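Worksheet: one structure, shown below.
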Amino acid sequence: MKKKTTQKKDTNAKLLKFEELSWKQIDGLEREKTIFFLPISPLEEHGPHLPVGTDLLTARDSAVEAIKILNKKHPELTYVMLPSVPIGYCKFNTDFPGSISTSGRVVRDIVYSVGSSLASHGFKFLVICSYHMAVGHLKGIYKGMGKVMSKYDMKVCEPWGPYFHNNEVEKREPKLGFDTSKELHAGFRETSLMKYQYPYLVDESYTKLQSIYRDLNSPAVLGKTFKQLGLKDGYVGSPARADADYGRWFFSETVDVYVKAAIALYEGKQLPELPQKIKLMMKSLFWQ
Ligand SMILES: [Zn+2]
């Protein structure tokens, strides 16, 4: 009986959840050796077949999995999961029930508030985990990160944006015989991911959904909502092609990106950056 209790304690110690700690326990964490993870992505429609929490669940689960690996690779460091923040900018598909969009400013303020609250107590490392790649959302995250780093001695990174927007997925994924770069929202990639992670949350109707493509980065679609673009079911891509094996690869890729970023952040190494094109789009985008 006694042994069992100790084992449970050990397992819990591997994944520290911020909300379960007292201020005393948080104060007891080594400032120079603790890395915090903050999942932040909006709840938004993901086609008729996927849950609105697709991005948030993926960001959180990848961070949890990354922490498990980091605990083995670098047990000398401490990793803390902050609660997932279901907030983000996704104005373009708010014409579907289930999408909850805030302005990029709100995202910026949340990232800054979390970062500065930790940094003002001497903590040094924060990894922002977002799986939602809309430029308006990223603008909020990067503005918040920049503000934290300019005011405090804290290093903050957001690893998935640079990976995704530098087309690393297309460069590294297994060859599939079709153009996956058009799978922009709730299409092949995300449906595969959810088929792997949460098969019971994927509506079987996905096998009957026809492929629909739109270039969401073209100036012609700027300011238009999904329904105005004729995306009546709220997905862009080919969900019917979904494959759980690809989902497994994609998920482990996300985890790997977080693991590498956390170590690079801790070691003070240069992290991959968003491409110039995205930085310019962020600059030219007004807060909405
Ligand atoms: Zn998504």
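Order of appearance sets the numbers: ligands from 1, and atoms from 1 within every ligand. The model shown is predicted, which means the values in this text are computed figures rather than measured ones. If you read the sequence from its start, that first residue is 1, and numbering goes on from there.
Taking 2.8 Å as the threshold, H46 counts as a candidate ligand of the Zn ion (ligand 1), since one of its N, O or S atoms lies below it.
Every residue two or more places apart in sequence or in another chain was checked for a side chain to side chain contact (heavy atoms under 4.5 Å, CB included) with L280, and none qualifies. Residues that satisfy the side chain to side chain contact (heavy atoms under 4.5 Å, CB included) test with S284, not counting sequence neighbours, are absent from this structure.
In this structure, K155 fails the cation-pi test against F125, since its NZ or CZ atom is not both closer than 6.0 Å to the six-membered ring centre and inside 45 degrees of the ring normal.
The closest approach of D55 to the Zn ion (ligand 1), by N/O/S atoms, is made by OD1. The minimum distance between the Zn ion (ligand 1) and any N, O or S atom of E190 involves atom OE2.
You'll find the ring centres of Y89 and H132 outside the 6.0 Å limit.
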